[in-house]
Participant: 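Provided herewith is a single structure, encoded as structure tokens, for subsequent inquiry.
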Amino acid sequence: MTRLRLIALTALLMVGVLALTPRNFWWTGRMPVPALDLVAGGPEVDLAGRLWIDTDAGCGAGPRVDPDDCLAILWLVGRGADVVGVSTSFGNASGQVVQDRMAALLDRMQAAGLPLPPVHAGFAGPRDGAAEPVAVEALRQALAAGPLTILALGPLTNLAAALEGRPDLVANVQRVVAVMGHQEGHLFHPSEGNGRGAVLGHGPIFRDLNVQVDVDAVRDVLAMGLPMTLIPYDAGRGAVITETDLKQYAQAGPAQDWLATQAQDWLEFWQREVGTAGFYPFDWVAAGYLIEPALFDCAVVRAKVQREWALWLVPQRSLVVAPAAEGDVLYCPQVGAGLHELLLAP
């Protein structure tokens, strides 16, 4: 009976929260916030030619595991990006699953005759006194060799460890492009769908996963004052990947065909639970920024880790952005119509 009372109380609290919250918020996940001063196709940034990718690539390892990391990595290598190294992380899947999925992707890339970037095993969870993995020293060596752009597709654990106490290496970080961040009170909520999802029949609410699996790493990296570009959830809306897109993508080669198959469960999850025609390819969109940053509308922001309630009964630590007069952190929530075509171009 106690458990039933607790469930009933929780339900009543949720109803109360919704009753006190404007419908356009709990339906769309958008509280009123100060407008960002977005610059169409900018502001311009300097991106080093040498690229390091840090990834929590689950790549379709389960029905609710996205394929975006593998889509991003395969696309960048296929376009001739100078990927000097890849470090594995955790989040979308466990550290071991991420290593296994990266090995599977490299097998298909090798069979397709594509160059293979070196892959290094990184942290499998927040540092918390864990032994330093080989990826951390590999990243340090890559930074010592010259300026580097870092594409962070997962948590910032490996990056925070590599730069801790190393101001000489911090100076060689040309820019960090990270998939994370949101405006205060905004939920990661694809409310435009009509699926049978978990929240009031209009789709699930996702977490800012790359932040929440290791908030301390995000805080540590922000404190270093690095040039950063944040590619948030909203940017994915501009490049929805449909079943037709995956069929087209599969025709590009054996590696793409394999990856399109791995993406099928994720596509069906979005169609069924979210109710959209396709999925938002968050990490693939971030890769697009490295090739055509002019397709992104961005604003200078102040970014900080803070606790916020949003719709949750228990506050969560989040990476929240707000307008700023100046700074070197960019937030890019809008993308141009040409990005979808760019990602699918052979």
Side-chain angles (χ1 to χ4, degrees), residues 45-57 59 68-92 95 98-124 132-180 210 217 221 224 226-231 255 259 283-293 343:
V45 295
D46 292 325
L47 298 171
R50 301 171 67 244
L51 173 64
W52 185 280
I53 302 174
D54 191 86
T55 177
D56 61 339
C59 302
D68 301 0
D69 295 69
C70 280
L71 288 166
I73 294 166
L74 180 59
W75 186 75
L76 286 167
V77 171
R79 295 188 67 89
D82 183 14
V83 183
V84 300
V86 175
S87 48
T88 63
S89 189
F90 61 98
N92 279 332
V98 172
Q99 292 179 42
D100 293 344
R101 300 306 279 178
M102 278 304 306
L105 177 63
L106 290 180
D107 285 345
R108 273 71 182 186
M109 291 169 60
Q110 184 175 38
L114 292 170
L116 304 181
V119 177
H120 310 276
F123 279 100
E132 185 176 283
V134 295
V136 172
E137 181 58 28
L139 177 52
R140 290 192 187 112
Q141 292 178 12
L143 282 165
L148 202 62
T149 295
I150 298 170
L151 177 60
L153 303 178
L156 301 183
T157 312
N158 292 322
L159 179 60
L163 296 179
E164 186 176 22
R166 295 296 302 268
D168 56 320
L169 299 183
V170 168
N172 272 350
V173 177
Q174 192 80 19
R175 181 161 289 269
V176 177
V177 178
V179 182
M180 57 180 59
N210 293 342
V221 170
M224 297 173 188
L226 300 170
M228 292 188 72
T229 295
L230 304 177
I231 307 295
L259 189 47
D283 298 324
W284 202 2
V285 167
Y289 180 82
L290 300 178
I291 302 300
E292 289 290 349
L343 297 181

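Just so it is clear, the structure is predicted and the values come from calculations on it, not from any experiment.
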Participant: Can you name the closest pair of heavy atoms from A144 and L169 and give their distance?
Facilitator: N-CD2, 3.8 Å
Participant: Do V83 and L51 make a side-chain contact, defined as non-hydrogen atoms from C-beta onward lying under 4.5 Å apart?
Facilitator: yes
Participant: So how far is it from I73 CD1 to D283 CG, rounded to the nearest 0.5 Å?
Facilitator: 8.5 Å
Participant: side-chain contact (heavy atoms from CB on, under 4.5 Å) with N210: which residues, sequence neighbours excluded?
Facilitator: D56, P155, V179, M180
Participant: If every non-hydrogen atom of D54 is compared with every non-hydrogen atom of S89, which pair is closest and at what distance?
Facilitator: OD2-CB, 3.7 Å
Participant: With sequence neighbours left out, write down each residue that passes ring-ring contact (aromatic ring centres under 6.0 Å, His included) with F90, or none if nothing qualifies.
Facilitator: none
Participant: Search all heavy atoms of L47 against all heavy atoms of L290 and return the closest pair with its distance.
Facilitator: CD1-O, 3.9 Å
Participant: Could you list the residues that satisfy salt bridge (Lys or Arg N to Asp or Glu O under 4.0 Å) with R101, not counting sequence neighbours?
Facilitator: none
Participant: Mind checking what makes salt bridge (Lys or Arg N to Asp or Glu O under 4.0 Å) contact with E292, not counting sequence neighbours?
Facilitator: none
Participant: Could you tell me which non-hydrogen atom of L159 sits nearest to which non-hydrogen atom of V176, and how far apart they are?
Facilitator: CD2-CG2, 3.9 Å
Participant: Applying salt bridge (Lys or Arg N to Asp or Glu O under 4.0 Å) as the test, list every pair that has at least one member in residues 137-163; sequence neighbours left out.
Facilitator: E132-R140, E137-R140
Participant: Would you compute the distance between atom SG of C59 and atom CG of D100 and round it to the nearest 0.5 angstrom?
Facilitator: 11.5 Å
Participant: Contact between V221 and L163 at the side-chain level, heavy atoms closer than 4.5 Å - yes or no?
Facilitator: no
Participant: For the residue pair G49 and D82, what are the closest heavy atoms and their distance?
Facilitator: O-CB, 3.5 Å
Participant: Using side-chain contact (heavy atoms from CB on, under 4.5 Å) as the criterion, list what pairs up with Q99, not counting sequence neighbours.
Facilitator: T88, Q96, A121
Participant: Could you tell me whether the side chain of L148 reaches within less than 4.5 Å of the side chain of N172, counting heavy atoms only?
Facilitator: no
Participant: Within the 4.5 Å heavy-atom criterion, are I231 and V177 side-chain neighbours or not?
Facilitator: yes
Participant: Considering only residues two or more places apart or on different chains, which pairs with a residue in residues 113-124 satisfy side chain to side chain donor-acceptor pair (under 3.5 Å)?
Facilitator: none
Participant: So, using salt bridge (Lys or Arg N to Asp or Glu O under 4.0 Å) as the criterion, who are the partners of D168 when residues are at least two apart?
Facilitator: R166
Participant: For A124, check side-chain contact (heavy atoms from CB on, under 4.5 Å) against everything at least two apart and list the hits.
Facilitator: none
Participant: Within the side chain of N158, is there an N or O that forms a donor-acceptor pair under 3.5 Å with the backbone of F123?
Facilitator: yes
Participant: Identify every side-chain donor-acceptor pair in residues 102-116 under 3.5 Å, counting partners at least two apart or on other chains, and give the distances.
Facilitator:
{"from": "R108", "atom 1": "NH1", "to": "A104", "atom 2": "O", "distance (Å)": "3.4"}

Participant: Please list all pairs meeting salt bridge (Lys or Arg N to Asp or Glu O under 4.0 Å) that have one or both residues in residues 152-162, counting only residues at least two apart or in different chains.
Facilitator: none
Participant: Roughly how far, to the nearest 0.5 Å, is the CH2 atom of W284 from the CG atom of L74?
Facilitator: 8.5 Å
Participant: Do L76 and L151 have side-chain heavy atoms sitting under 4.5 Å apart?
Facilitator: yes
Participant: Can you list the residues that meet the side-chain contact (heavy atoms from CB on, under 4.5 Å) rule with R79, with sequence neighbours excluded?
Facilitator: W75, I291, L342
Participant: Among L226, I150, V45, find the residue that satisfies the side-chain contact (heavy atoms from CB on, under 4.5 Å) test when tested with R175.
Facilitator: V45
Participant: Check A160 against M224 and note the closest heavy-atom contact, atom names and distance.
Facilitator: O-CE, 4.0 Å
